[in-house]
There are 2 protein chains.
Amino acid sequence: MSPTPARITAVDTYDIRFPTSRELDGSDAMNPDPDYSAAYVVLRSDAADGAEGHGFTFTIGRGNDVQVAAIDALRGHVVGRSVDELCADPGSLGRDLIGDSQLRWLGPEKGVMHMAIGAVVNAVWDLAAKRAHKPLWRLLADAEPEWLVRQVDFCYITDALTPEEALDLLRRGREGAEDRRARLVERGFPAYTTSPGWLGYSDEKLTRLAAEAVAEGFTQIKLKVGADLADDVRRCRVARSVVGPDIRIAIDANQRWNIDEAITWTKALAEFQPYWIEEPTSPDDVLGHAAIRKAVAPVKVATGEHVQNRIIFKQLLQAGAIDVLQIDAARVGGVNENLAILLLAAKFGVPVCPHAGGVGLCELVQHLSMFDFVALSGTTEDRVIEYVDHLHDHFLDPVVIREGHYTAPVAPGFSATMRPGSIAEFTYPGGTFWAADLAQQKLNDKKGAAV
Amino acid sequence: MSPTPARITAVDTYDIRFPTSRELDGSDAMNPDPDYSAAYVVLRSDAADGAEGHGFTFTIGRGNDVQVAAIDALRGHVVGRSVDELCADPGSLGRDLIGDSQLRWLGPEKGVMHMAIGAVVNAVWDLAAKRAHKPLWRLLADAEPEWLVRQVDFCYITDALTPEEALDLLRRGREGAEDRRARLVERGFPAYTTSPGWLGYSDEKLTRLAAEAVAEGFTQIKLKVGADLADDVRRCRVARSVVGPDIRIAIDANQRWNIDEAITWTKALAEFQPYWIEEPTSPDDVLGHAAIRKAVAPVKVATGEHVQNRIIFKQLLQAGAIDVLQIDAARVGGVNENLAILLLAAKFGVPVCPHAGGVGLCELVQHLSMFDFVALSGTTEDRVIEYVDHLHDHFLDPVVIREGHYTAPVAPGFSATMRPGSIAEFTYPGGTFWAADLAQQKLNDKKGAAV
């Protein structure tokens with residue numbers, strides 16, 4: 001008699017919020033006071049090895065509860081599934097979740113519901129990598145091209161990329177993969193840092209952090225722009241004078257502009273040789289990005305952290321609207337959909353420079369770039385992963401930056417697992433930090449009322 | 001001493017679900033078993049007249065709770081606001097809700113969070129129209145062009161439509177408005193019916209309902225397609241033979257196809273002279289729609305019920321991707337954003353034929369088309385509002401169809417108010433219908449287990 005196959009027994013969700021707004025970490029022209037948060041999910045199973053899959057959606061505070069509710073709505077599709085079957089074919093679960101005909105109405109494939117699907121699908125990939133005893137990047141890089149193609153949902157993208165073309169790209173990607181893997185393990189993957197450039201920082205802090213970034217080996221930094229042009233001119237001048245002519249300075253408007261503003265503003269900063277202008281306008285505006293790109297060259301146009309799915313990315317590529325494609329690990333429908341996007345980028349020859357930062361986004365997305373380098377695009381030229389230096393200590397397997405490079409993870413999984421102590425402290429509103437904080441607020445309110 | 005101004009005192013939400021899947025009403029190729037539902041919101045105030053604002057997001061069942069959670073997340077922006085100020089400038093609230101920097105991360109302006117904003121904003125418009133003692137279409141048609149322009153958020157659309165152009169369109173729209181208002185009140189606004197064409201219906205039911213539609217005065221019907229080509233050929237043949245050559249038959253694929261499938265399939269049905277092909281592919285695919293439109297002419301391309309916001313509509317128009325623009329009253333950020341979309345359509349000269357059906361979508365959207373006719377586009381040529389004959393009896397001010405036309409509403413408000421008895425019966429899971437139904441299911445499960 002064969003033993004009962006292991007099943008998923010629970011989908012547990014957590015509303016975890018960090019009070020980052022109090023330090024103005026992460027402040028930009030659109031997001032002045034984010035409280036970096038995670039709608040966090042754990043897939044538990046009755047497998048003998050006790051393996052769990054962890055995943056999350058990143059949010060910036062309010063609404064994290066809505067995201068948790070959306071993950072909860074997927075529970076019925078996951079509980080009771082065979083662990084082996086899930087791990088053998090995570091793409092199949094992704095298609096099932098996207099295909100829930102009633103939940104699909106809430107998107108389709110965008111916003112809250114799609115990010116919830118991404119969190120659950122990513123948790124399955126974490127589980128699959130843990131059970132394979134490999135970091136996720138290596139599981140992907142070692143996989144057969146045929147299997148990888150089966151994980152991809154080609155719905156709505158076959159006019160730009162067919163399964164046959166994808167297979168061909170992945171087969172060519174294997175040539176020289178062993179060498180590249182050795183180089184990756186030795187050297188890591190290039191990073192750039194946004195830590196100096198938050199809008200809420202003083203010129204002194206910008207100066208200090210930019211100098212530190214160069215000293216630490218980064219060859220690119222990023223500044224937030226878009227709130228006030230005179231400020232941006234001053235800050236770009238400060239940054240350029242600190243880092244010198246050879247360090248790339250990216251600028252990031254976080255969607256603040258209409259098309260004409262984006263063009264005017266970017267041109268006004270051109271004297272400081274910005275490398276790219278990021279999110280100049282709405283992430284939904286394919287034609288707008290194309291118009292901006294045409295007008296601001298040679299400044300490159302980058303976007304992606306808010307691009308909702310592979311269908312918008314497909315059009316950004318078809319329309320020649322971007323020079324740099326910025327995937328995000330927790331915005332789209334999980335690793336499967338990012339595979340589709342990496343394949344589209346490879347087909348169109350556009351470099352992928354992931355968005356990261358927030359809570360755990362660096363931890364996740366490094367795996368995708370490392371796979372891309374080892375087994376798909378085959379190069380790190382003009383490719384850098386964003387790096388922001390905060391909140392990493394809440395993860396069991398935090399990113400390691402060495403001389404401006406992400407070190408290749410070695411622990412099995414997707415580096416998504418948060419420390420139990422952090423979960424207990426920052427769960428909202430019942431965790432120890434928030435319970436004390438809310439009690440203090442209540443006390444202050446009473447005092448205020450009494451005065 | 002002046003009296004205290006009236007304030008919003010509560011934002012009450014309800015998860016209301018109708019068990020429509022049991023009759024296959026509303027079945028199509030993408031949505032085989034919808035349970036038409038509403039995430040329903042009531043703004044209560046301490047105004048002396050006791051006025052309430054009602055609004056909702058339409059969903060098709062599962063996930064209605066997620067939508068309710070999203071509306072709940074907006075409560076803090078609304079409770080305590082002055083009723084007079086809200087009603088004097090609903091657009092201002094819309095901008096505040098969209099601009100919540102933390103909630104914005106969950107979109108921006110798309111999916112669950114944006115539909116929640118639409119529900120709340122629409123409830124304010126309902127309140128404003130009730131307090132003005134006018135049906136909403138009339139409040140809009142009577143309003144000063146300058147005021148209407150101030151309600152519109154031009155963010156991300158100025159490359160296609162400036163406030164000055166919008167003002168010009170609205171001023172021209174006033175010419176002859178009095179005559180058109182009289183004609184509207186006398187004759188109503190043309191409707192077409194989808195009731196015959198659900199995919200789950202037999203040929204006999206299709207035949208009977210199509211004949212009835214013609215007899216009732218409709219000049220256009222719609223058939224769902226996209227599940228099986230041989231079935232579609234047969235059903236189109238049946239429908240065409242029943243209605244004759246002069247009645248327009250629209251076909252609707254509900255996003256089932258990739259670009260090449262959409263072209264092939266539509267061409268295969270061309271012999272039955274379909275008037276438009278609706279939602280041939282993903283609502284996100286502007287360039288895909290443009291390619292399809294070019295290939296399937298003279299069959300027109302229509303889309304919009306799942307188009308997430310004005311930014312995608314803008315591009316559909318800029319790219320020449322659609323012949324018919326289908327607004328939905330409860331998908332985008334409320335009346336304000338639909339004003340933007342109506343103005344864009346007017347600027348590009350594309351007729352607006354709203355999506356309706358579901359729960360209460362007919363009740364809402366008729367107001368927008370009637371305003372468009374009276375005070376903006378000034379014509380009903382090639383303009384029809386979808387009509388589906390179910391669930392109207394749950395509303396206090398249900399639509400009235402006469403000889404294939406929507407009758408202009410006369411009751412003050414946005415026709416959004418559901419009967420209290422319907423709310424009590426169909427609230428999920430505690431309403432009387434669902435409590436009894438779930439108890440019965442439990443009983444059946446027990447019996448099943450005992451057998």
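Each chain gets a letter, A, B and so on, in the order its sequence line appears, and its residues count up from 1.
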Can you see which heavy atom on A/Trp257 is nearest to which on B/Tyr156, and at what distance? O-CE2, 3.5 Å
Pick one of side chain, backbone, both or neither for B/Pro283, based on which atoms fall under 4.5 Å of a heavy atom in chain A. side chain
Is B/Ile157 close to chain A through its backbone or its side chain, or both, or neither, when contacts mean heavy atoms under 4.5 Å? backbone
Leading residue by heavy atom contact count with chain A [cutoff under 4.5 Å; candidates B/Glu261, B/Arg104, B/Met115]: B/Arg104
Does any donor atom in the side chain of B/Gln315 or A/Gln315 lie under 3.5 Å from an acceptor atom in the other side chain? no
Does any backbone or side-chain atom of B/Ala73 lie under 4.5 Å from a heavy atom of chain A? Answer side chain, backbone, both or neither. side chain
Checking B/Asp159 against chain A: side chain, backbone, both or neither under 4.5 Å from a heavy atom? side chain
Counting only non-hydrogen atoms closer than 4.5 Å, does B/Leu287 touch chain A with its backbone (N, CA, C, O), its side chain (CB onward), both, or neither? both
Pairwise distance NZ(A/Lys110) to CD(B/Glu109) - rounded to 0.5 angstrom: 13.5 Å
Please classify the contact between B/Gln255 and chain A as side chain, backbone, both or neither, with a heavy-atom cut-off of under 4.5 Å. both
Counting only non-hydrogen atoms closer than 4.5 Å, does B/Leu106 touch chain A with its backbone (N, CA, C, O), its side chain (CB onward), both, or neither? both
Can you tell me which portion of A/Asp35 sits under 4.5 Å from chain B's heavy atoms? Options are side chain, backbone, both or neither. both
Name the orientation class of the two ring planes belonging to B/His306 and A/Trp105 (parallel below 30°, tilted from 30 to 60°, perpendicular beyond 60°). perpendicular
Can you say whether A/Phe154 sits under 4.5 Å from chain B via the side chain, the backbone, both, or neither, judging by heavy atoms? backbone
Roughly how far, to the nearest 0.5 Å, is the CD1 atom of B/Ile311 from the CG atom of A/Asp285? 7.0 Å
When only pairs under 4.5 Å are counted, which of A/Ile312, A/Val66, A/Val112, A/Asp284 shares the most heavy-atom pairs with chain B? A/Asp284
For the side chain of A/Gln102 and the backbone of B/Thr59, is there at least one donor-acceptor N/O pair under 3.5 Å apart? no
Heavy-atom pairs under 4.5 Å with chain A - which of B/Ser282, B/Ala319, B/Ser37 has more of them than the others? B/Ser282
Residue from A/Gly107, A/Pro108, A/Ala70 scoring the most non-hydrogen pairs under 4.5 Å with chain B is A/Pro108
Considering only heavy atoms and a distance below 4.5 Å, find which of A/Asp260, A/Asp72, A/Ile259 pairs most often with chain B. A/Ile259
Among A/Ala116, A/Gly111, A/Ser101, which has the most heavy-atom pairs under 4.5 Å with chain B? A/Ser101
